[in-house]
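All heavy atoms count here, side chains included; hydrogens, waters and symmetry mates do not. A quick note: this is a predicted structure, and the numbers were derived from the prediction, not measured. Reminder, nothing fancy here: chain letters follow the sequence lines and each chain counts from 1.
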2 protein chains.
Amino acid sequence: MQIKSTSGHDVNLNVIPLNITSLKAACSQCNLRELCLPFGLTEKEIARLDRMVASRRRLKRGQHLYRAGDPFEAIYAIKTGFFKTDVLLEDGRDQVTGFQMAGEILGMDGISAEAHTCNAVALEDSEVCVIPFLQLEGLSREIEALQHHFHKVMSREIVRDHGVMMLLGTMRAEERLAAFLLNLSQRFTTRGYSPQEFHLRMTREEIGSYLGLKLETVSRAFSRFQEEGFISVQQKHIRILDIAPLKQLLAHSSA
Amino acid sequence: MQIKSTSGHDVNLNVIPLNITSLKAACSQCNLRELCLPFGLTEKEIARLDRMVASRRRLKRGQHLYRAGDPFEAIYAIKTGFFKTDVLLEDGRDQVTGFQMAGEILGMDGISAEAHTCNAVALEDSEVCVIPFLQLEGLSREIEALQHHFHKVMSREIVRDHGVMMLLGTMRAEERLAAFLLNLSQRFTTRGYSPQEFHLRMTREEIGSYLGLKLETVSRAFSRFQEEGFISVQQKHIRILDIAPLKQLLAHSSA
DNA sequence: AGGTGCTTTTGATCTGCATCAAAACCTCGC
DNA sequence: GCGAGGTTTTGATGCAGATCAAAAGCACCT
C-alpha cells in the first residue's frame, strides 16, 4: 500500500501557481476563468468584466474579508487562498457555514439584507477580486451569459447548503468526516491539484464546527480512518490511501 | 390555563383569503404582491410580469410539484397552500430542507444543474404560479428592480439555509423546536395571520426530519413545552401562550 | 535553545437523544 | 358505527458523541 513519503509532491499543495502581484485585476489573464464568474463568456465579454473588476484585495491569514453587519457593496472572487465563513449566535456559539477556495464566490449572503450576515476570514494569506455588486447587476443586464452564470453560482450555493443540511441532519460522525474529505478532494481535483494528498487549512475545531461535531470527535474519527488504513494523517497533511471505503461510508447508513 | 377551544378563530388558519379560480395569473391582482416577486415594481412593470407568468398549477395534498432529477424550466411562486422540500440519499435516508408558504419561491435549487435537486411536495391543496425561468431572466435584464429583487430572494434562501445549518449544528432539541415555532409564527404574522395560533401542516416526523431529530423527540419536546405552559398543543393545532421563554431558550445555550 | 501558548491526541465518564415497544388517538372509508 | 391504517404520545433502555481531563506535539517568540 502506497504510504511512501510524499517528498516530491508537496509543491502543488500549498502554493497556487501564478501569483501575480500587480493589482490590476484581469479576468482575461486569470487561470481560474473557467471556474469563476467569466465561465462561458466570449473574449469580448470577459474584457468588459475586466473593466468592472477594478480592484483586488490581499488578506493575511486571520484577517476578515467582511464581518456580519458590514454594509453589502460587493461580492468577492477568490483568486488565491482559502477562507471560512461563520455565523455567530448572541450567546457566543458559532457555526462555520463553509470553506471556500480559489475560483469560488464569497459574499452572496449580503444581497438580501444589504448587509453581510456572516463573517468571512482568510485561513491563509489570500487574494480576492472585488466585484462591486451594482455594477455586476448592470453588466449582467447586458450580458445574458454573465447573468445566467451568476444565477447558477447562487443556485449552486443553495444546493451546497442543502448538502450540508443533509450531512448535519442525518449523518453520523464518521460519515460526516468522510463526506468532508471527499468534497475537499473533489474540489482540489477541479483546481488541478492532487485528489489524494492535500493540506488542511483549518483546525480540528473549525472542521468540527462545520460538521456539527466537537474537535475531539473529529480527531478520533481521523485516528480511526488512519487505523483502518483509509488515510494517513500528519497534523494537517492528509493523504487518501483508499478512497473506496470512504465512499462506501456514505453509500449506506447501516455500517 | 387557557387550553379552551379555539372555536371562533380557526377561520383564518386554514383558508387563505381570495382563492381566485381563474387560471389567468395576475400578479397585479394578487394580495401577495408585496411579499412575492412583484415587490417593489411599478404598476407598469407588474403588468409585464403578468404577461410572463402565464399559467398556474393546482396541486392536491401529497402531490409533487417537481422531483429531484426533473429538468429545470421554471420556478414557482406559491399562491396558496403549503409545501415541503426534501432531498434523498441513495440509501433511503432523507432530509426535509424546508417548508414553504404563500408568497415564497420554490425551485431555485434547479438553476445550477438545469435539473431539480430536491423534491417539492404539497402538504395541503395548493396553487402555484409558474414562472418560466428563461423568460424571467429576459425580463429581469430589462427591469432592474425585478432583477435586484430576484437576487434578494435567492440570497434570502442562502441566509435561511445558514440559519438551519446553525440550528442543526449547534442547538439542542428544545432549542430547535423553539426556533422552528418562532420562525413559523413570524412568517404567519407577515402574512396577516395570528402569530399565537396556527395549524401545523406537517407531521411530527417531517418536523423531526427538518430539525435533525426523531419524531419521538419532537413529540416529547412539544409535551415538555405544554407542561411548562409555553404552548398548548392539540394534534396539529398550536397556540403560543407565552412567547418569552421560547425566545429565551434561543438566547443562551446553557439552560 | 528554551519557553509559552496553541493544537491535537487519547482516555474516562456522562448524557441527550435514538431506539425499541406499546398504547392511545384521530381519520376515513365502508 | 366499526375497523384499518396512519399519527402521536409515553415509557424503558442503549449508545454515539459530548464533556472533562491530561499529556504530547508543534509553531513562534525572544
Practice problem: Starting at the 5' end of DNA chain C, write a dot or bracket for each base, bracketing those in Watson-Crick or G-U wobble pairs whose two distances are under 3.5 Å and using | for partners on another strand. | Solution: ||||||||||||||||||||||||||||||
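- Sorted by first and then second residue, the salt bridge (charged side-chain N to carboxylate O under 4.0 Å, His left out) pairs involving residues 155-169 of chain A (not counting sequence neighbours) are Glu157(A)-Arg160(A).
- Remark: Glu227(A) engages no residue in a side chain to side chain donor-acceptor pair (under 3.5 Å) (not counting sequence neighbours).
- Using a 30° and 60° split on the angle between ring planes, His237(A) and His199(A) fall in the perpendicular class, above 60°.
- Contact check of residues 215-222 of chain A against DNA chain D (heavy atom, cut-off under 4.0 Å) returns Glu216(A), Thr217(A), Arg220(A).
- Counted within 6.0 Å of CD on Glu205(B), heavy atoms from surrounding residues, nucleotides or ligands total 12 or fewer; the atom is thus considered open.
- What separates CZ of Arg224(B) from C1' of dG11(D) is a distance of 16 Å, to the nearest Å.
- Here the P atom of nucleotide dT7(D) and the CG atom of Leu200(B) are 14 Å apart, to the nearest Å.
- Arg224(B) is linked by a side chain to side chain donor-acceptor pair (under 3.5 Å) to Glu174(B), Glu228(B), counting only residues two or more places apart in sequence or in another chain.
- The Val233(B) side chain lies nearest to dT9(D) when the options are dT7(D), dT19(D), dT9(D).
- Judged as a ring pair (Phe, Tyr, Trp, His ring centres under 6.0 Å), and not counting sequence neighbours, the contacts of Phe72(A) are His116(A), Phe133(A).
- In terms of the side chain to side chain donor-acceptor pair (under 3.5 Å) criterion, Glu216(B) has no residue partners (sequence neighbours excluded).
- Qualifying salt bridge (Lys or Arg N to Asp or Glu O under 4.0 Å) partners for Asp125(B), counting only residues two or more places apart in sequence or in other chains: Lys60(B).
- Following rounding to the nearest Å, Gln235(A) (CD) and dA24(D) (C1') show an atom-to-atom distance of 10 Å.
- Rounding to whole angstrom units, CG of residue Leu213(B) and C1' of dA16(D) are separated by 15 Å.
- Taking the 5' to 3' direction, DNA chain C first and last meets chain A under 4.0 angstrom from a heavy atom at dT8(C) to dA12(C).
- As judged by a 4.0 angstrom heavy-atom cut-off over every strand, Gly212(B) is placed among residues touching the sugar-phosphate backbone only.
- Partners of Asn183(A) by side chain to side chain donor-acceptor pair (under 3.5 Å), not counting sequence neighbours, listed by chain and number: Arg187(A).
- What separates NZ of Lys214(B) from P of dT8(D) is a distance of 15 Å, to the nearest Å.
- Rounding to whole angstrom units, CG of residue Leu167(A) and C1' of dG17(D) are separated by 15 Å.
- Distance, Glu206(B) CD to dT7(D) P: 8 Å, rounded to whole Å.
- Residues forming a salt bridge (Lys or Arg N to Asp or Glu O under 4.0 Å) with Lys84(A) (at least two apart in sequence, or on another chain): Asp86(A), Glu206(A).
- Taking atom CG of Leu168(B) as the reference point, atom P of dG17(D) lies 15 Å away to the nearest angstrom.
- The side chain to side chain contact (heavy atoms under 4.5 Å, CB included) check on Ala68(A) picks up Asn119(A), with sequence neighbours excluded.
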